[in-house]
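Just so we're on the same page: letters track the sequence lines, and every chain starts at 1.
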There are 2 protein chains.
Amino acid sequence: MGIAERREREKQQRQQDIIDAAERIFFSKGIQQATMDDVATEAELSKGTLYLYFKSKDELYLAITLRGIQIMTELFQKAVQKPATGLEKAFAIGTAFFTFAQKYPNYFDALSHFELDELQFDDGCILATECSDVGQGALNILIGALKQGIEDGSIRNDIDPVRMAAIMWGMSSGIIQLTALKGKHLEQEHGFNMEGIVEESFQVFRCALERKAENE
Amino acid sequence: MGIAERREREKQQRQQDIIDAAERIFFSKGIQQATMDDVATEAELSKGTLYLYFKSKDELYLAITLRGIQIMTELFQKAVQKPATGLEKAFAIGTAFFTFAQKYPNYFDALSHFELDELQFDDGCILATECSDVGQGALNILIGALKQGIEDGSIRNDIDPVRMAAIMWGMSSGIIQLTALKGKHLEQEHGFNMEGIVEESFQVFRCALERKAENE
DNA sequence: TCATAAAATAACTATAAGTCATTTTATAGA
DNA sequence: TCTATAAAATGACTTATAGTTATTTTATGA
């Protein structure tokens, strides 16, 4: 049944086209200001058609969020390719996270809002579940790096990798939100550059992860 | 002019009453679901009257946010009363921050959203400015503690207190968002308790703040 | 060529934020 | 006490926009 397959492909393509249009509108005007009519016009479709593909405006934004999380996860996967030790991998992931936030601020923003408002989506929302799952996959990469580090001796062995990954995740998110959102303000008011903040944050993590001296 | 003063007092009181009503509505239904008509009914006023006191729904929510930030700042002020050293004060502030988030989750939620969406308010918005200012005051308490710690020798002297305060602020916010929002989920899925996460986060900070051994 | 199903449309409804002409209330002066 | 005026409050109204649905268009297979 080649036709059925083609139609399915076209349907998928149309869905992606709608997300493309929604991205352009949402990212340029801001989600609050953007309307579904805007998106429909941008996608060269009627508004009703949008609702054939997405249940609501929130769900359409969630589709964009998922894209962001997927991109981030891919960056994490690439980041752990080269480094040898677990510690180095952990820092490579950290760097990738900051790079992601800088390169795709709109996706990072979407991610932040998702994490803050995740509970508002019910369990039936497939896209929300997928966002959670893919996000968990990203976290698993970090957990894996920490585990490896404990084994290869580059990371202290008195930490629980899952707990520490959660902590690093939360802390990194917080730092990036700070730098990404208030970066310019902090630079102007306090005169310190954001890369320095990020660098210093890494020092904090290094201190927490590295094996303590034997004489302690 | 005793009458003018009384009227001013009454006006202030009414404003507070509206915020009270809005809190009950917003906190129970959620901001998205709550309507200004709901608030008006709860406040036993007409909707038009609400708009005599607040320019918009967002601004009304900002008034609630400000309350939260003020409460948090007061907790910080109390927290630094007892401890002697700067390091102890810093940790007392950290504890106060976590306590605040646990005791007033709705205020913490408001604070998180404010930090994430702060830029959407223009400079003319007095309430937004006030939130920023009071929030800066809270941060200044932490900065002061770090400065004192550097002087009294309880905190290593190779850090910049302002930068480190910003980092600790960002990281703490991130951790609390993680524990406050996903706490139950993490407990069920991964079986670790939130207090442990918070405790371990403190260890990370301790490691970053304490003076290194002399032999390094 | 026609019947059918899938896809798309656009006019429609519903909801809720925000406004404004009007009414009510409180106060100061006659 | 009565009245003019200003402040405060009202609620019906406007506007904006998310979401729905009856209808139309298009593609497919017999």
Closer than 4.0 angstrom, basic N to acidic O: yes or no for B:Asp20 and B:Arg67? yes
If the cut-off is 4.0 Å, is A:Thr49 near the phosphate of C:dA8, judged by side-chain N/O to OP1 or OP2? no
Integer-rounded Å distance: D:dA7 P and B:Arg14 CZ: 17 Å
Students often mix this up, so state it plainly: with edges at 30° and 60°, are the rings of A:Trp169 and A:Phe97 parallel, tilted or perpendicular? parallel
Give every pair of a protein N or O atom and an N or O atom of nucleotides 24-27 of chain C that lie under 3.5 Å apart, one pair per line with the distance.
unit_1 : atom_1 : unit_2 : atom_2 : d
C:dT27 : OP1    : B:Arg6 : NH1    : 3.0
C:dT27 : OP1    : B:Arg6 : NH2    : 2.3

Exceeds 12 heavy-atom contacts within 6.0 angstrom, atom CD of A:Glu44: no
So what does A:Tyr53 hit on the nucleic acid, given a heavy-atom distance under 4.0 Å: a base, only sugar-phosphate, or nothing? sugar-phosphate
Rounded to whole angstrom units, what separation is found between the CG atom of A:Leu52 and the P atom of D:dG19? 14 Å
Let's go through A:Asn106 and A:Phe26 carefully: what are the C-alpha distance in whole Å and the side-chain angles of both, what is the deciding distance for side chain to side chain contact (heavy atoms under 4.5 Å, CB included) to 0.1 Å, and is it a yes or a no? CA-CA 9 Å; A:Asn106 292 312; A:Phe26 288 176; over 6 Å; no
Are more than 12 heavy atoms, taken from residues, nucleotides or ligands other than B:Gln32, located less than 6.0 Å from that residue's CD atom? no
Non-neighbouring partners of A:Gln33 that pass side-chain hydrogen bond (donor to acceptor under 3.5 Å, both in side chains), sequence neighbours left out: none
Provide, to the nearest angstrom, the distance between the CD atom belonging to A:Glu44 and the C1' atom belonging to C:dA8. 14 Å
State which residue, out of B:Tyr61, B:Tyr107, B:Tyr104, fulfils the ring-ring contact (aromatic ring centres under 6.0 Å, His included) condition with B:Phe27. B:Tyr107
Nearest-angstrom distance from the residue atom CD of A:Glu59 to P of D:dG19: 10 Å
Nearest-Å distance, CZ (B:Phe54) to P (D:dA9)? 13 Å
Using whole Å, what does the distance between atom P of nucleotide D:dT20 and atom CG of A:Leu50 come to? 13 Å
Pair B:Leu66-B:Leu62, side chain to side chain contact (heavy atoms under 4.5 Å, CB included): steps then yes or no: CA-CA 6 Å; B:Leu66 178 58; B:Leu62 217 49; over 6 Å; no
Taking atom P of D:dA27 as reference, at what distance in whole Å does atom NZ of A:Lys11 sit? 16 Å
Using a distance-only test with no angle check, is there a side-chain donor-acceptor pair under 3.5 angstrom linking B:Gln81 and B:Gln77? no
Counting any heavy atom closer than 4.0 Å, what does B:Leu45 reach on the DNA or RNA strands: base, sugar-phosphate only, or nothing? sugar-phosphate
Let me know the distance between OH of A:Tyr61 and P of D:dA18, rounded to the nearest Å. 15 Å
For each nucleotide in nucleotides 13-19 of chain C, reading 5' to 3', give B when a protein heavy atom comes within less than 4.0 Å of its base, S when such contact involves only the sugar-phosphate, and - otherwise. ---SBBB
